[in-house]
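Here it is, the structure, as C-alpha cells.
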Amino acid sequence: MAVIECKNLTYVYGEGTPFCRKAVDNVNLSIEKGEFIGVIGHTGSGKSTLIQTLNGLLRPTSGQVLLDGKDIWAEPKKIRQVRFRVGMVFQYPEHQLFEETVLKDISFGPSNMGLSPQEVEDRARRAAAFVGLSEDFLTKSPFELSGGEKRRVAIAGVIAMDPDVLVLDEPTAGLDPRGRDVLLTQITSYHKTRGNTVLLVSHSMEDIARTADRILVMNDSHAAMFAPTREVFARGAELERMGLRVPQITKILSMLRERGWPVGTALTMEEAVRELLPLLEKGGVRA
Amino acid sequence: MIGDIAFGQFIPGKSPLHRMDPRVKIVLIFLFIVFLFVAQNFVALALPVLAALAAIFLSGVPLRQYLKSVKAVIFIVLFTSVLNLFYGGGQTLLKLGFMEIKSGGVSNAIFIAVRILTLILLSAVLTFTTSPNSLTDAIERLMKPLKVFHVKVHEIAMIMTIALRFVPTLLEETDKIMSAQKARGADLESGGLVQRAKALLPILIPLFVSSFRRAYDLAMAMECRCYHGGEGRTKMKVLHAGKGDAAACAVSCLLCAAVIVCNILLPGSLT
C-alpha cells in the first residue's frame with residue numbers, strides 16, 4: 001500500500017501578488033512503504049517545495065497529500081502528528097542545534113511527541129547509535145563538535161522521532177568524501193534495518209545511483225520522470241536537457257558501448273568492475 | 001512565510017528625485033518639515049504642501065505606495081484631528097452636551113491633519129527614492145562635522161549599512177530555522193505566554209549562533225580586504241551634487257522664504 005501519495009499537488013508562492021510563482025505544478029505520485037526514493041532536479045525545479053508539502057510545512061495551494069490514504073490537511077489542528085510521522089532533515093541541519101548537550105538536542109523531537117522521559121531518552125540514545133555517535137558525545141555541547149558530527153546529531157534528532165517516512169534534503173552537502181560515504185552508509189543501513197521509507201534529495205548522481213530504488217526527477221515544477229533508477233539513468237540525453245546528468249561511471253560505459261565495446265550498463269563502480277574485468281582478462285578483444 | 005514581507009521602502013527608479021544627491025534630499029526634506037511647522041496660516045501651509053505634491057509627482061512612484069504609507073498612520077491623524085475639533089474659538093457650529101464644536105476648531109483640525117499627512121508624505125518621498133545605502137552614505141557625510149567631538153561617524157554609518165544589509169538575510173534564516181524546528185514538532189502557535197516564550201528558544205538560539213558566525217565571517221572578509229575604518233578611505237560612488245540639486249535648493253529656499261512672508265503678511269489660522 002502506498003504510504004505517501006500526491007494528487008494533483010500544486011503549490012504557488014505569493015499567490016495574488018505580482019511575485020506569484022508556481023513552484024510545484026500538478027504533481028501526481030505514489031510512494032510505496034519501504035521504498036528508497038531519490039529526488040533529483042536542478043536548482044529551482046521545485047523539489048524542496050515538494051518535500052516540504054509532504055510533512056505539512058507548506059499547505060498545498062490545490063491538490064492533496066495523502067499519508068496512508070488520509071489527507072494530511074483533513075484536520076489542520078493535528079498537523080503536528082503528520083510531522084512526527086514524516087521526518088524532515090533540512091539542508092545544513094546543523095544550523096538548527098540549540099540545546100546544552102547533544103542528548104538533549106536529539107531528545108527535542110521525541111519529547112515534543114509527549115512520550116515518557118524514559119522513552120524519550122531511549123529513543124535518543126538509539127538514534128545516536130544509528131548515526132554512529134558514541135556515548136561520550138552525548139554529554140558534550142553540540143556547539144563544540146566538528147561540522148560532520150554536528151550534522152549527524154541533527155539527523156539523529158529527526159531519526160529519534162522514529163518517522164515512517166524520512167526525508168533528507170542534501171544531507172551530504174559540504175561534507176568531505178569520507179564523511180559523505182559514512183553518512184550514506186548509515187542512511188542505507190538505517191533504511192534496511194527499520195524498513196521505513198526514505199526520500200533522499202541530492203545533487204550527486206553517484207549518491208543517488210548507490211542508494212535509490214526509484215528516482216523522481218523534478219523539472220520546471222513538474223514531475224518529469226518517476227521510474228526505477230536504472231530506467232531513469234538510461235535516459236541520459238533527456239536528463240542532460242534538464243540540466244542534470246547520469247553518474248560518471250554510467251556515462252563512461254555508455255561511451256565505451258558507442259565505440260563498439262561489448263559492455264553492459266552500470267550505475268556503480270562495483271557494477272562497472274564486473275562489466276570491465278572480463279574484457280581485461282580476455283586481453284581487450286575488440287568486438 | 002516571513003520571506004514574503006517586502007523589506008525596505010526603497011522603490012528603484014530613474015526619476016529626477018532618484019538621481020538627486022541623497023545629502024541634498026535629506027537636507028531639503030528636513031527643511032520642508034521644519035517649515036511645515038513654521039507656517040502659521042493656510043496660505044503659508046499650502047507652499048510646503050505644494051512642494052510635497054510636486055515631489056510625489058516627480059518621484060514616479062505609484063500613488064498606491066503613498067496611500068499605503070498614509071494608511072499606516074491614519075489613526076494618529078484622525079485622533080489628533082478629533083481632539084483639535086474641540087479647541088479653538090469662533091462661532092459655535094454644533095453642540096454635543098457640554099462639548100462644543102466651533103469654527104476655529106474645525107479649521108484647527110484640518111490644519112493639523114494636513115500638517116501630519118504632509119510630514120508623512122515627505123518622509124515617504126525620501127525613503128521611496130533613496131536606497132538604504134545612499135541614505136547611510138549621506139548621513140555619514142552630513143554627520144562629518146561631529147568628528148570634532150570624536151564621534152566615530154564612519155563607523156556608525158558602517159554599522160547602519162551592515163545592519164540594513166543583513167535584515168533580509170536573517171529573515172530568511174529565521175524562516176529556515178522555524179521550518180526545521182516545526183519539522184521536529186515544535187509548537188509555536190498554542191499555549192500561554194510563558195509557554196510561547198519558551199517555544200521561541202529553539203529558534204532564537206540557533207539564530208544567535210548563526211548571527212555570530214556570520215559576523216565572524218564578515219569581519220574576516222573585511223580584514224582580508226584591509227578594511228581599517230574611515231581613516232583615509234575613498235569612495236567608489238562619490239556623492240555629487242549637480243545642477244538639478246542646485247535648482248531644487250533654489251526653489252526650496254524661495255518657497256521657505258515665501259512661507260515666512262505669508263506668515264508676516266497674513267493673520268495666523270491656528271487659534
Side-chain angles (χ1 to χ4, degrees), chain A residues 13-21 48-49 51-52 54-59 76-77 79-100 104-115 141-143 150 154 156-161 163 166-167 169, chain B residues 1-13 61-65 67-68 128 166 168-191 195-218:
Chain A
Y13 279 109
E15 202 180 22
T17 70
F19 308 105
C20 154
R21 194 168 51 82
S48 288
T49 310
I51 58 171
Q52 284 185 59
L54 296 185
N55 74 340
L57 277 175
L58 297 177
R59 190 171 185 164
K77 285 203 173 141
I79 197 69
R80 276 175 73 209
Q81 300 308 319
V82 172
R83 293 183 189 147
F84 296 135
R85 295 199 47 208
V86 182
M88 171 91 60
V89 179
F90 280 88
Q91 275 175 41
Y92 299 100
E94 58 271 26
H95 293 175
Q96 77 197 30
L97 303 177
F98 70 98
E99 272 288 6
E100 295 158 65
K104 276 191 188 172
D105 206 289
I106 300 177
S107 305
F108 180 66
S111 63
N112 282 333
M113 297 169 79
L115 302 168
S141 158
F143 297 107
K150 275 188 200 169
V158 175
I159 287 180
M161 300 192 302
L166 179 65
V167 186
D169 195 352
Chain B
M1 220 168 103
I2 294 185
D4 290 342
I5 301 169
F7 171 75
Q9 302 208 288
F10 176 54
I11 297 161
V61 173
L63 273 181
R64 182 160 48 82
Q65 298 290 342
L67 288 181
K68 250 198 245 168
F128 284 167
F166 275 95
T169 314
L170 289 179
L171 273 179
E172 199 183 311
E173 185 97 21
T174 314
D175 199 45
K176 273 189 197 157
I177 295 172
M178 275 172 74
S179 296
Q181 306 298 26
K182 272 200 219 156
R184 292 210 276 167
D187 188 3
L188 305 175
E189 277 107 23
S190 54
Q195 226 174 343
R196 276 193 198 207
K198 264 190 186 162
L200 282 180
L201 275 185
I203 290 159
L204 290 181
I205 293 171
L207 193 62
F208 251 79
V209 173
S210 92
S211 309
F212 276 104
R213 193 182 57 242
R214 279 179 201 284
Y216 280 123
D217 288 353
L218 183 69

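Naming convention: chains lettered A, B, ... in sequence-line order (proteins, then strands); numbering from 1 in each chain.
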Would you mind checking which part of Leu57(A) comes under 4.5 Å of any heavy atom in chain B, side chain (CB onward), backbone (N, CA, C, O), both or neither?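 The answer is the side chain of Leu57(A).
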
Please determine, among Ser210(B), Ala180(B), Pro202(B), the option with the most heavy-atom pairs under 4.5 Å with chain A.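 Max contact count across the listed options: Pro202(B).
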
When rounded to the nearest 0.5 Å, the distance separating NZ of Lys182(B) from CG of Asn112(A) is 13.5 Å

Heavy-atom count check: over 12 atoms from other residues, nucleotides or ligands less than 6.0 Å from Tyr92(A) OH?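 Atom OH in Tyr92(A) is not packed in, count stays at 12 or less.
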
For Phe143(A), which atoms come within 4.5 Å of any heavy atom of chain B: side chain, backbone, both, or neither?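 Only the side chain of Phe143(A) comes within 4.5 Å of chain B.
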
Would you name the heavy atoms of Ala183(B) and Asn55(A) that are closest together and state the gap between them? CB-ND2, 3.9 Å

Out of curiosity, Leu204(B) CG to Phe98(A) CZ, how far, rounded to the nearest 0.5 Å? 11.0 Å

Is it the case that the side chain of Arg83(A) and the backbone of Gly185(B) share a donor-acceptor pair, with hydrogens and angles ignored and the cut-off at 3.5 Å?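 It does not hold such a pair.
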
Contact part of Met88(A) toward chain B, heavy-atom cut-off under 4.5 Å: side chain, backbone, both or neither?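 Backbone plus side chain of Met88(A), per the 4.5 Å heavy-atom cut-off to chain B.
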
Does the Gln96(A) side chain pair with the main chain of Gln181(B), one donor and one acceptor, at a distance under 3.5 Å?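 Between the backbone of Gln181(B) and the side chain of Gln96(A) there is no qualifying donor-acceptor contact (under 3.5 Å).
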
Taking atom CZ of Phe108(A) and atom CG of Leu201(B), what is their separation to the nearest 0.5 Å?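 Here the rounded value is 9.5 Å.
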
Gln91(A) vs Lys176(B) side-chain heavy atoms within contact, under 4.5 Å: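 No, every pair of side-chain atoms sits at 4.5 Å or beyond.
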
Please state whether the side chain, the backbone, both or neither of Gln81(A) comes within less than 4.5 Å of a heavy atom of chain B. neither

Are the charged groups of Asp105(A) and Arg184(B) less than 4.0 angstrom apart, N to O? yes

Should we say atom CZ of Phe208(B) is surrounded by more than 12 heavy atoms from elsewhere, each under 6.0 Å from it?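 Count not over threshold, so no.
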
